[in-house]
Amino acid sequence: MPQALSEIPIQFIKGVGPAKAKLLANLGINTVEDLLYLFPHRYEDRSQFTPIAMLRVGETRTICGKVLTCRRNFYSKNRTVEVAISDKSGRITCVWFNQPYLANIFKEAQEVVLYGRVDIFGKRLQMVVPDFEIIQSEDRSLNMGQIVPVYPLTKGITQRYLRKLIDDCLNLHASRLQDIIPQEVRQKRHLGPIAQSIKQIHFPSDAVHQQKAIDRIAFEEFFLFQICVILRRFSIVHKKGIVHHVDNSVLEQYKNSFPFKLTGAQNRAITEINQDMALERPMLRMIQGDVGSGKTVVAFWGAVLAWNNKKQAAIMAPTEILAQQHYLNFRKLLGQGTFKDIKAALLISSTPAKEKKAIYKRLKEGEINLMIGTHALLEETVAFKDLSFVVIDEQHKFGVNQRALLTDKGGNPDILIMTATPIPRTLCLTLYGDLDVSVINEMPPGRGTIKTYHFPLAKAQAVYQKVRELVQKGTQAYIIYPLVDESEKLDLKAARDMFVHLQKFEFQGLRLGLVHGQMKRQESDEVMEQFKKHELDILVATTILEVGIDIPNANVMVIEHAERFGLSQLHQLRGRIGRGSQDAMCVLLGDPLTQEGKLRLEAIVQTTDGFKIAEEDLKIRGPGHYFGRHQHGLNELKMSNPITQIEVLEKAREDAIILTKSDPQLGGHHLIKETIKKRYPQYLDLILAG
Ligand code: ADP
Ligand code: MG
């Protein structure tokens, strides 16, 4: 049998010595297989370039021309290199900053391909910091005249080198690529041989073949990932869990114990939880609800149900403030009346050692009914008598394994996951196809409305004045900055300096506080606590403020340099205000330089609907960024995008369900198992455990 491509070190390939091999390893390439699976992050159609005369401001385009002149201006603030390029139709200047060595790279009359955004400078068009490639006459065949792949690079590795290397390896080894997708699935979905798809992914013969190859690879990526997700579900719901008896009269009492009526969406979620918890198979359900939609009351019901069945419940939150908030809320909402006998306790890392010890003991003996806490709950010393219901708040802040650490403390407890990050359906299917989902898509009535405005930074003084007026009338305000400290590279206002400045000038006489991510947890908690008690009027902060904080009297928010924030981030930040019955005001201060930045601010001004904002955000940034890079194996989805390729995703999911049903251990699908081990090691245990 010929050697597998995953066993041929890249160093054995002609043109790769030990030095290059090291550099390639930086790109994650150690074997020939790795190289062939290094996919382009974009393509350039070099069969036809945009004539320079046709360029318009704001467009991102590829042009091809000859170098006319190359000038450096090292006296300018950021040491520019300016290169004038011409084609038959016209000329344009391209500019780079702080890369003086470029002045030695461009030579007169050289042919170059440039890719970048067209800007306007004075009255002339320019390309600012475009990608460029100098075209040499000897290797035009792979680099010009066709759709050309553009790869992620590392220092010392050029596009030209990679294209040649990949082309060589394809010619020599493509026929030995193994198909991960089983024969029967390939037939059903009319998927051609993998070797052809991989060739087309690198060097597409035309746009149609290119799209076909992308969909084929996307199918493979979705298929593998869905197998992981489905096996994760198997590993939980195929166990024997705990049956909860639902007493409807207790539920009625529960609903009647609040000063408000539950919304329709809250009632629906509670019904779904009841159905799940009454079953023997463990519940695995996610509640999605925008900030302020009232998820907590739904989660508390599960805890009451556990208590009513003489079992224990736990709620785990990602920060101390959130854990404390849940604890205080529970006491406030349920501490008197029918449910006053439910014993809740709070465990966070700053809980004094002596108190911790007492909690461990009471918990183990079953005296505590509801344990609320942070990661501190995961410690080995934390043991329950009979844990039957677990809530994980803001679950994307925890890893898959941390969730297991908590649930393993019970006999397959029912699991409820809460998230305020709205997740559009298709992405939800990709990431959480294993979870049942309840959506709380209705806000409690009687909330004030949030008005959002966007002004240029130059209007800051007037905005501060307005904030001052509102604060003097008794509301509280947040002022948010993108950075903690001023930076040399970026000309931005920063939290620490502005805190000092505002206290001294614009907000003299008012009580200001400062929180940011570089403070110790305890210090920032203290400041938050003061703000909550209205001992402070204005809180200057960074994005540390992101999740969950519930301070109904804070109804003004100013976000400076708002163009620096992502859409979801802006939405989460804004979710901190408008939580009471008062109307709220959010002001975005910023001067967006890009079209994208403008669109983001417009979107935030126009809607407060988290799902709409999430859809927009995903379109603009893609799923990897939406959740943070390392989460959920999204990094492994290289050619697939759950937003644009929903049809491919649904087919792959269907086939993954069929396969895992017939072979949950993947015993008959060795290659799939091996590939999952390699790409998604975090799911490995699930498969081995079976
Ligand atoms: P989130 O979904 O962001 O966790 P919370 O559960 O913190 O939202 O609820 C926000 C606020 O709304 C809390 O003060 C809570 O008591 C209140 N609340 C929850 N449900 C309702 C309702 N049906 N009617 C009125 N207020 C409610
Ligand atoms: Mg159950």
Side-chain angles (χ1 to χ4, degrees), residues 251-273 285-304 313 315-337 339 344 370 372 374 391-397 416-423 437-450 476 478 528 532 534 545-555 557 568-569 571-584 608-611 613-614:
L251 178 56
E252 277 315 301
Q253 285 172 338
Y254 181 76
K255 290 182 180 176
N256 290 332
S257 60
F258 302 108
F260 45 75
K261 231 176 122 230
L262 297 197
T263 63
Q266 285 172 318
N267 277 318
R268 265 197 307 282
I270 286 181
T271 306
E272 285 164 343
I273 288 171
R285 180 169 289 277
M286 170 184 266
I287 299 193
Q288 274 185 37
D290 214 341
V291 284
S293 62
K295 295 182 291 294
T296 318
V297 171
V298 175
F300 284 167
W301 164 247
V304 171
I315 298 178
M316 182 165 72
T319 67
E320 303 214 337
I321 296 183
L322 278 180
Q324 260 158 347
Q325 205 163 271
H326 284 317
Y327 177 69
L328 294 175
N329 259 334
F330 188 84
R331 297 251 308 252
K332 190 178 93 190
L333 292 171
L334 298 161
Q336 288 107 39
F339 301 103
L370 171 58
I372 298 173
T374 54
V391 179
I392 301 185
D393 194 8
E394 296 297 339
Q395 87 124 16
H396 58 282
K397 306 258 167 185
L416 188 68
I417 284 158
M418 297 205 287
T419 177
T421 308
I423 308 167
V437 177
S438 301
V439 179
I440 302 195
N441 52 1
E442 189 183 344
M443 282 287 173
R447 290 277 162 85
T449 53
I450 305 180
Q476 288 166 278
Y478 300 105
M528 289 301 308
K532 201 165 185 165
H534 205 162
L545 218 68
E546 242 179 319
V547 287
I549 306 305
D550 189 14
I551 301 177
N553 190 48
N555 280 313
M557 176 172 283
S568 300
Q569 224 173 4
H571 176 67
Q572 291 291 333
L573 284 168
R574 182 175 57 182
R576 299 306 110 224
I577 58 172
R579 298 180 72 85
S581 56
Q582 306 287 322
D583 286 344
T608 52
D609 181 333
F611 281 87
I613 288 169

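Keep in mind the model is a prediction, meaning the values are calculated, not measured. Numbering of ligands and ligand atoms starts at 1, following listing order. For the single chain, residues carry numbers from 1 onward in sequence order.
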Visitor: Mark up the atoms of ligand 1 that fall under 4.0 Å of a heavy atom belonging to Thr263, in ascending order.
Guide: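 Heavy-atom distances to Thr263 below 4.0 Å select 23 (N).
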Visitor: As an exercise, identify every atom of ligand 1 less than 4.0 angstrom from a heavy atom of Leu262.
Guide: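 In order of number, 23 (N).
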Visitor: Are Ser293 and ligand 1 in contact, using a heavy-atom cut-off of under 4.0 Å?
Guide: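 Yes, Ser293 has heavy atoms under 4.0 Å from ligand 1.
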Visitor: Evaluate the side-chain contact (heavy atoms from CB on, under 4.5 Å) criterion for residues Ile613 and Arg574: first the C-alpha distance (whole Å), next the side-chain angles of each, then the deciding distance (0.1 Å), finally the verdict.
Guide: CA-CA 12 Å; Ile613 288 169; Arg574 182 175 57 182; 3.7 Å; yes
Visitor: Evaluate the side-chain proximity of Arg268 to Asn441: yes if any heavy-atom separation is below 4.5 Å, no if none is.
Guide: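 Yes, side chains in contact.
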Visitor: Counting from 1, what ligand 1 atoms have a heavy atom of Thr296 closer than 4.0 Å?
Guide: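 Those atoms are 4 (O), 5 (P), 6 (O), 7 (O).
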Visitor: Walk me through whether Phe300 and Val391 qualify under side-chain contact (heavy atoms from CB on, under 4.5 Å).
Guide: CA-CA 9 Å; Phe300 284 167; Val391 179; over 6 Å; no
Visitor: Can you list the ligand 1 atoms lying under 4.0 Å from a non-hydrogen atom of Lys261?
Guide: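 Listed by number with element: 22 (C), 23 (N), 24 (N).
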Visitor: Excluding sequence neighbours, so at least two apart, what forms side-chain hydrogen bond (donor to acceptor under 3.5 Å, both in side chains) with Asp609?
Guide: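 Per chain and number, Asp609 pairs via side-chain hydrogen bond (donor to acceptor under 3.5 Å, both in side chains) with no residue.
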Visitor: Look at the side chain of Arg331 and the backbone N and O of Tyr327, then say whether any donor-acceptor pair between them is shorter than 3.5 Å.
Guide: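 No, because the side chain of Arg331 does not come within donor-acceptor range (under 3.5 Å) of the backbone of Tyr327.
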Visitor: What heavy-atom pair brings Leu370 and Ala303 nearest, and what distance separates the two atoms?
Guide: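 Minimum heavy-atom separation between Leu370 and Ala303: CD1-CB, 4.0 Å.
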Visitor: Among Ala299, Pro444, Ala265, which one puts a heavy atom closest to atom 24 (N) of ligand 1?
Guide: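 Residue with the shortest heavy-atom distance to the ligand atom: Pro444.
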Visitor: If I apply the N/O under 3.5 Å rule, does Phe260 come out as touching ligand 1?
Guide: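 No - when backbone and side-chain N and O of Phe260 are compared with those of ligand 1, no distance drops under 3.5 Å.
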Visitor: Among Gln266, Arg447, Glu442, Lys332, which one has a heavy atom closest to atom 17 (C) of ligand 1?
Guide: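 Nearest heavy atom to atom 17 (C) of ligand 1 lies in Arg447.
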Visitor: Residues two or more places apart in sequence or in another chain: which of them pass side-chain hydrogen bond (donor to acceptor under 3.5 Å, both in side chains) with Thr263?
Guide: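 Listed in chain order: Gln266.
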Visitor: Is Arg579 close enough to touch ligand 1? Criterion: a residue heavy atom under 4.0 Å from a ligand atom.
Guide: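 Per 4.0 Å heavy-atom rule, Arg579 contacts ligand 1.
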